[in-house]
Amino acid sequence: MTNLQSADLVLRSNSHQLPMEDGLRSWMVSVQTLLHGQTVSIQTVAEHITVDCPLEDVEVECLGQLDPYTLVFKVEEIRPYLKDDVDISIRLRPKLSANVLDFYRLEDKLASLVGRKYLVHPKYALTLILAYARDHSLETPRFIICDTYLETLFQCKWVKVRTLWEHISRLVERVAPDLICTSQRLNSSAVSTETKQTFNVDAAMNLYPGDFMLGEPRRPVLHTVSSPDLKQTTRRSLKRHKTL
């Protein structure tokens with residue numbers, strides 16, 4: 001895999017009011033996506049973009065793409081709205097790389113022990129917790145006694161060994177992108193807004209979470225002491241026999 005670079009995915013929106021028809025107002029809202037400060041194809045970086053208005057007297061219609069970088073919406077009154085301003089919300093769901101969709105995100109305290117924030121096989125964390133318990137003499141045949149770290153992690157004094165994974169699984173979740181959200185107040189003036197979220201990006205413009213790193217998980221040093229059980233062997237000498 002290639003190296004990743006940090007970049008901001010920007011959601012930019014612009015709106016302006018259209019001429020009134022039958023005493024009803026309407027607005028044109030355009031939404032653009034930018035990466036590395038340059039416009040980027042919406043299909044490359046977004047699963048979907050929505051524009052919503054909570055008012056029953058206002059409808060929102062998606063008119064389609066003006067170009068690969070711009071999606072256009074029309075917001076219009078279906079009945080006269082008494083207030084001057086109309087608030088809308090704009091949401092973008094980022095399109096993460098397929099390479100990261102099989103990963104799980106670990107809670108920060110758990111990640112500090114595992115050494116990685118993301119894992120493909122989250123039960124790797126179970127192995128490390130058990131190793132940590134053995135290393136610190138916390139494991140009994142049926143229970144793990146929580147020291148300060150484990151008590152902070154699990155919020156309890158002890159954990160049954162057979163239910164340990166249940167506790168760990170609460171600290172693990174499938175990788176899913178956070179929505180990029182902004183709002184706009186529509187009125188007679190032209191309005192422009194921007195919001196952004198930081199991602200790691202590869203050469204093909206694929207998005208990864210901002211704290212995601214490529215590579216295999218690295219197990220932290222747990223300071224365990226063990227000695228290999230090597231049995232001493234004696235070398236057998238072979239006598240050379242003379243032949244006639």
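Just so it is clear, the structure is predicted and the values come from calculations on it, not from any experiment.
- With 3.5 Å as the limit, one finds no donor-acceptor pair spanning the side chains of Ser183 and Arg185.
- Residues Leu18 and Leu63 share a single hydrophobic cluster, defined by chaining ILVMFWY side chains whose heavy atoms lie under 4.5 Å apart.
- The pair Lys117-Asp108 meets the salt-bridge criterion, with a side-chain N (NZ, NE, NH1 or NH2) lying under 4.0 Å from an Asp/Glu carboxylate O.
- Ion pairing between a basic and an acidic side chain is recognised when a charged N comes within 4.0 Å of a carboxylate O; Lys95 and Glu47 show no such pairing.
- Pro19 and Ser26 get closest at one heavy-atom pair: O-OG, 4.4 Å.
- Here the two rings, on Phe212 and Phe103, have centers that are under 6.0 Å apart.
- The main-chain N or O of Glu166 is never found under 3.5 Å from a side-chain atom of Thr163 such that the two would form a donor-acceptor pair.
- Judged purely by atom type and a 3.5 angstrom limit, Thr70 has no side-chain atom pairing as donor or acceptor with the backbone of Asp67.
- Annotation for Val45 and Leu92: closest pair O-CD2, 4.3 Å, computed over non-hydrogen atoms.
- Between the Glu77 side chain and the Arg25 main chain, a donor and an acceptor come within less than 3.5 Å of each other.
- No single ILVMFWY cluster, assembled from side-chain heavy atoms under 4.5 Å apart, contains both Leu34 and Leu11.
- Between Gln32 atom CD and Ser192 atom OG the span is 9.0 Å, to the nearest 0.5 Å.
- Tracing side-chain contacts under 4.5 Å through hydrophobic residues (I, L, V, M, F, W, Y), one reaches Leu164 starting from Val114; they form part of the same cluster.
- No donor-acceptor distance shorter than 3.5 angstrom exists from the side chain of Asp22 to the backbone of Leu24, with no hydrogens or angles considered.
- Counting all heavy atoms, side chain and backbone alike, Val58 lies closest to Ile78 at N-CG1, 4.4 Å.
- Counting heavy atoms of neighbouring residues, nucleotides and ligands inside a 6.0 Å radius, atom CD of Gln43 does not exceed 12 of them.
- Residue-environment remark: CD (Gln5) stays at or below the threshold of 12 foreign heavy atoms within 6.0 Å.
- Looking at Leu101, Leu96, Asp102 one by one, the single match for side-chain contact (heavy atoms from CB on, under 4.5 Å) with Val175 turns out to be Leu96.
- One finds the CE atom of Met205 at 9.0 Å from the CD atom of Gln38 (value rounded to the nearest 0.5 Å).
- Side-chain contact between Val86 and Asn187 is absent, with no heavy atoms from C-beta onward closer than 4.5 Å.
- Crowding of His36 atom NE2: a count of heavy atoms from other residues, nucleotides or ligands under 6.0 Å exceeding 12.
- Using modelled atom types, no side-chain atom of Asn200 and backbone atom of Leu4 make a donor-acceptor pair closer than 3.5 Å.
- Checked by atom type and distance alone, the side chain of Tyr208 never pairs as donor or acceptor with a backbone atom of Asn99 at under 3.5 Å.
- Judged purely by atom type and a 3.5 angstrom limit, Asp147 uses its side chain to pair as donor or acceptor with the backbone of Tyr149.
- The cationic group of Lys74 does not satisfy the cation-pi geometry with Trp27, failing either the under 6.0 Å distance to the six-membered ring centre or the 45° limit from the ring axis.
- Nearest heavy atoms, Leu207 versus Pro94: CD1-CB, 4.3 Å.
- Other residues, nucleotides and ligands contribute only 12 or fewer heavy atoms inside 6.0 Å of the OH atom of Tyr69.
- Residue Arg174 qualifies as enclosed at atom CZ: its count of foreign heavy atoms under 6.0 Å is above 12.
- Looking at every heavy atom in both residues, Leu106 comes nearest to Leu119 through CD2-CD1, 3.9 Å.
- Formation of a donor-acceptor pair under 3.5 Å by the Ser30 side chain with backbone atoms of Val72 is not found in this model.
- Using a 4.5 Å cut-off between side-chain heavy atoms of Ile, Leu, Val, Met, Phe, Trp and Tyr, with links allowed through other members, Val10 and Val191 fall into different hydrophobic clusters.
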Review point. Would Lys157 and Glu151 count as a salt bridge (charged side-chain N to carboxylate O under 4.0 Å, His left out) if you check the C-alpha gap in whole Å, the side-chain angles of each, and the deciding distance to 0.1 Å?
Key: CA-CA 6 Å; Lys157 297 291 186 181; Glu151 186 174 345; 3.0 Å; yes

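- The line from CG of Leu9 to CD of Gln197 is 7.5 Å long, rounded to the nearest 0.5 Å.
- Cluster membership for Tyr104 and Leu113, using ILVMFWY side-chain heavy atoms within less than 4.5 angstrom, is shared.
- If you check the side chains of Gln184 and Ser15, you find a donor sitting under 3.5 Å from an acceptor.
- Asp87 has its side chain out of reach of Leu186: every pair of non-hydrogen atoms, C-beta onward, lies at least 4.5 Å apart.
- The two residues Val29 and Ile90 have their closest heavy-atom pair at CG1-CD1, 4.4 Å.
- Ionic pairing of Arg91 and Asp52 is present here: one or more N-O contacts between side-chain nitrogen and carboxylate oxygen are shorter than 4.0 angstrom.
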